[in-house]
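Atoms considered below: every heavy atom in the structure, side chains included; atoms not considered: hydrogens, waters and symmetry mates. Within every chain, numbering begins at 1; the chains are lettered A, B, ... in the order of the sequence lines, protein sequences first and strands thereafter.
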Number of protein chains: 2
Amino acid sequence: MAAVTETIETVKKIFSAYLEQRSLRKTAERFSILEEIYSRHDQFEAEQLYIDLMKKEVNVSRATVYNTLDLLTTCELVRKHQFGRSQAQYEKSYGYKQHDHVICIECKKVVEFCDPRLQQIQNMAGELLNFEISHHTLQFYGICSTCNAKKKLNN
Amino acid sequence: MAAVTETIETVKKIFSAYLEQRSLRKTAERFSILEEIYSRHDQFEAEQLYIDLMKKEVNVSRATVYNTLDLLTTCELVRKHQFGRSQAQYEKSYGYKQHDHVICIECKKVVEFCDPRLQQIQNMAGELLNFEISHHTLQFYGICSTCNAKKKLNN
DNA sequence: CTAGGTGCAAATGCTTTGCATGCCC
DNA sequence: GGGCATGCAAAGCATTTGCACCTAG
């Protein structure tokens, strides 16, 4: 618990410094949203975040949620993913190691994994193509064991 | 030129077999769309495809374009990418080696590259997490040399 | 013949925007 | 106190859907 509180304090400071540096305002809304995100443990959608803030009687508008998510993405406290066609998925990123996703095309379940070799590929691609690469997203798509078992039953 | 014609004939056969197998109809519209896609050399958006078909006086509706793109994606003659937030990007995939993308976050330019090590990572992730992985998408984001040069000039 | 496909336009749903009000610096 | 931020509702925009008509099998 102490560790979580500590993390929240740290990210608030980071966000605060970022806002200052860009001469943006430190509004209560922005910090409420940041707090809500870092008290979560899952990936989430903008709309769900908005609903949960409403439930907690934190009054912010959808517009502010989207605006703040953008800011947080820019200062790398939040990562944004566009997996399927519909809503974007967000997740906190501070103190959370870089990882990638394996997604089940049947049940849409998302599992995280990590492979250090990707870093090498990233460095090489950057050098080769003369890009200053800052980040990547990698998704593997397939069928999870549960759905695979169900499929075999149906045949 | 002969090679291109040949490719078009081949993919038509593949699509035809796919439709047959799933008891779907072989309509003129579906083949017109397939033909247009394989006569292109670039990545494209659904809307652009629709506009270009209109220009060539191939009368199909947007609905049919989207429907057919879905079919072609399912039978793996087309790959669909969701890079940014907005429109999905499509590209033909037959006879076109698996590759990934490096995207400039400034000018949005997309460059292709390929690294065989990714296949190994894919295999490993699948084994580790008990997924039957069918495909992946990997994007690197960064700043291209052109934009980087511009940036330095402005400072 | 008939179920699936098409075209059209309207609907959907996520996200953004315009504008009046509020409040941080 | 000046201007950026917010809230609200309306607009945008890519994509999907409903429905009447059409056509491949």
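Per the geometry, CG belonging to D70(B) stands 6 Å off P belonging to dT16(D), to the nearest Å. Between the CE atom of M54(B) and the C1' atom of dC8(C) there is a distance of 12 Å, rounded to whole Å. Protein atom CD of Q87(B) is 15 Å distant from nucleotide atom C1' of dC14(C), rounded to whole Å. Regarding F15(B), its CZ atom lies at a distance of 10 Å from the P atom of dG5(C), rounded to whole Å. Q82(B) has its CD atom 11 Å from the P atom of dT15(C), to the nearest Å. Rounded to an integer number of Å, the gap from H81(A) NE2 to dC14(C) C1' is 18 Å. If you measure from atom CG of N59(A) to atom C1' of dG7(D), you get 9 Å, rounded to the nearest angstrom. Atom P of nucleotide dC14(C) and atom CD of Q89(A) are separated by 12 Å, given to the nearest angstrom.
Atom CD1 of I8(B) sits about 13.0 Å away from atom CZ of F31(B), to the nearest 0.5 Å. Here L34(A) contributes atom CG and L71(A) contributes atom CG; the two are 11.0 Å apart, rounded to the nearest 0.5 Å. The NZ atom of K12(B) sits 13.0 Å away from atom NZ of K26(B), with the distance rounded to the nearest 0.5 Å.
Listed by residue number, the members of residues 23-51 of chain A with any heavy atom below 4.0 angstrom from DNA chain D are L24(A), R25(A), T27(A), E29(A), R30(A).
With a 4.5 Å cut-off on side-chain heavy atoms, C107(A) and K150(A) do not count as touching.
Note on Y66(A): a side-chain N or O is less than 4.0 Å away from OP1 or OP2 of dT15(C). Contact annotation: S61(A) side-chain N/O to dT6(D) OP1/OP2 distance is not under 4.0 Å. Taking side-chain N and O atoms only, N67(A) has a distance below 4.0 Å to OP1 or OP2 of dT6(D).
Here R40(B) pairs with E36(B) in a salt bridge; the nearest charged N to carboxylate O distance falls below 4.0 Å.
Comparing dT15(D), dT6(C), dC14(C) by their nearest atom to the side chain of R62(B) picks out dT15(D).
Heavy atoms of other residues, nucleotides or ligands lying less than 6.0 angstrom from OH of Y18(B) number more than 12. No more than 12 heavy atoms of other residues, nucleotides or ligands lie within 6.0 Å of CD in E76(B), so this atom counts as exposed by the packing criterion.
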